[in-house]
Amino acid sequence: MIVWLNGTHGAGKTTTGALVQQLIPDSRVLDAEKVGETLMDITPGLPETDNFQHWPPWRPLVVETARHVLEYAGGTLVMPMTVLVEQYWREISAGLAQHAVPVRHFVLHADQDTLRGRIEGDTVMGPSAFRLAHLGPYAEAARTWLHEEAEVVDTTHLTPPQAAQQIAAAVGS
């Protein structure tokens, strides 16, 4: 099974994902961003883009990486990864379904002011123009399709351990 943690950049997916992994027996974290980083390392580079998710190879490579890891190691993969383009989510989820890989899709949600405050107050990564720029696209995705496609975990008033507990309990039920 895959536990996919979606939400905008700065929503706490990586932190929550690590905590979820500790709560679900026989689970591992697979960060699909590493697939994108591999594509970014190709020289000479692939066509210029502001987001590696726009490269067509990224989506099927995420599917294949996840499915092969599951076939090899079994258990559960916790995948913290923002996907705000509906077509991209459809490609990934259809690819996983084609291989009979069950997916529990969660969105870590908070209101725009809370998200902005978290991003601007991040003491590890610092304030990030990239992360702030995705607040609008996240709000649009949440309004039009994303919240209908996932189990929404409102983290506005939750700590990452509380969000992780809620997700792990939902997966275990």
Exercise. Linking I/L/V/M/F/W/Y whenever their side-chain heavy atoms sit closer than 4.5 Å, directly or via other members, would M81 and L61 fall into one cluster?
Worked result: yes

Enumerate, atom names and distances included, each donor-acceptor pair closer than 3.5 Å involving a side-chain atom of residues 96-107, sequence neighbours excluded.
{"residue": "H99", "atom": "NE2", "partner": "E64", "partner atom": "OE2", "Å": "3.3"}
{"residue": "H99", "atom": "NE2", "partner": "R67", "partner atom": "NE", "Å": "3.4"}
{"residue": "R104", "atom": "NE", "partner": "E151", "partner atom": "OE2", "Å": "2.7"}
{"residue": "R104", "atom": "NH1", "partner": "A170", "partner atom": "O", "Å": "3.1"}
{"residue": "R104", "atom": "NH2", "partner": "E151", "partner atom": "OE1", "Å": "2.9"}
{"residue": "R104", "atom": "NH2", "partner": "E151", "partner atom": "OE2", "Å": "3.1"}
{"residue": "R104", "atom": "NH2", "partner": "A170", "partner atom": "O", "Å": "3.3"}
{"residue": "H105", "atom": "ND1", "partner": "E149", "partner atom": "O", "Å": "3.2"}
{"residue": "H105", "atom": "NE2", "partner": "N6", "partner atom": "ND2", "Å": "3.2"}

Exercise. Under a single-linkage definition using a 4.5 Å side-chain heavy-atom cutoff for Ile, Leu, Val, Met, Phe, Trp and Tyr, are M40 and L46 assigned to the same hydrophobic cluster?
Worked result: yes

For this session: Looking only at non-hydrogen atoms, find the nearest pair between W4 and V83 and report the distance.
Result: CZ2-CG2, 3.8 Å

Problem set entry | Considering all heavy atoms, the nearest R131-D122 contact | NH1-OD2, 2.9 Å

Seminar exercise, completed: d(N51 CG, F130 CZ) to nearest 0.5 Å is 5.5 Å

Exercise. Any idea which heavy atoms bring W58 and Q53 closest together, and the distance?
Worked result: CZ3-CG, 3.5 Å

Exercise. Are V78 and Y72 linked, directly or through other ILVMFWY residues, by side chains that come within less than 4.5 angstrom of each other?
Worked result: no

Problem set entry | Nearest-0.5 Å distance that lies between atom CD in Q162 and atom CG in L19 | 11.5 Å

Exercise. In the single-linkage hydrophobic clustering (I, L, V, M, F, W, Y; side-chain heavy atoms under 4.5 Å), do V35 and I92 co-cluster?
Worked result: yes

For this session: Check step by step if side chain to side chain contact (heavy atoms under 4.5 Å, CB included) holds for T144 and E86.
Result: CA-CA 9 Å; T144 57; E86 183 177 9; 5.8 Å; no

Problem set entry | Intermediate values then yes/no, side chain to side chain contact (heavy atoms under 4.5 Å, CB included), R118 and T155 | CA-CA 11 Å; R118 288 177 183 170; T155 66; 3.1 Å; yes

Exercise. What residues form a side-chain hydrogen bond (donor to acceptor under 3.5 Å, both in side chains) with E120, not counting sequence neighbours?
Worked result: none

Exercise. To the nearest 0.5 Å, what is the distance between CG (D31) and OG1 (T14)?
Worked result: 6.0 Å

For this session: To the nearest 0.5 Å, tell me how far L39 CG sits from K34 NZ.
Result: 13.5 Å

Exercise. What's the spacing between W89 CH2 and T82 OG1 if we round to 0.5 Å?
Worked result: 11.5 Å

Problem set entry | Exercise: identify the closest heavy-atom pair between A163 and V153 | CB-CG1, 4.3 Å

Problem set entry | side chain to side chain contact (heavy atoms under 4.5 Å, CB included) assessment of V171 paired with T76 | CA-CA 10 Å; V171 170; T76 299; 5.6 Å; no

Problem set entry | Contacts of E91 that satisfy side-chain hydrogen bond (donor to acceptor under 3.5 Å, both in side chains) - sequence neighbours left out | R59, Q87

For this session: Fit a plane to each ring of Y138 and H109, take the angle between them on a 0 to 90° scale, and name the class: parallel (under 30°), tilted (30 to 60°) or perpendicular (over 60°).
Result: tilted

Seminar exercise, completed: Residues G7 and K13: closest non-hydrogen pair is O-NZ, 3.4 Å

For this session: Report the distance from atom CD1 of I167 to atom CG of L5, rounding to the nearest 0.5 Å.
Result: 5.0 Å

Problem set entry | Linked, directly or transitively: L115 and L108 (ILVMFWY side chains, under 4.5 Å) | no

For this session: List the steps, then state whether side chain to side chain contact (heavy atoms under 4.5 Å, CB included) holds for F52 with E33.
Result: CA-CA 9 Å; F52 57 72; E33 190 161 328; 3.7 Å; yes

Seminar exercise, completed: Nearest heavy-atom contact between A66 and I2 is CB-CD1, 3.8 Å

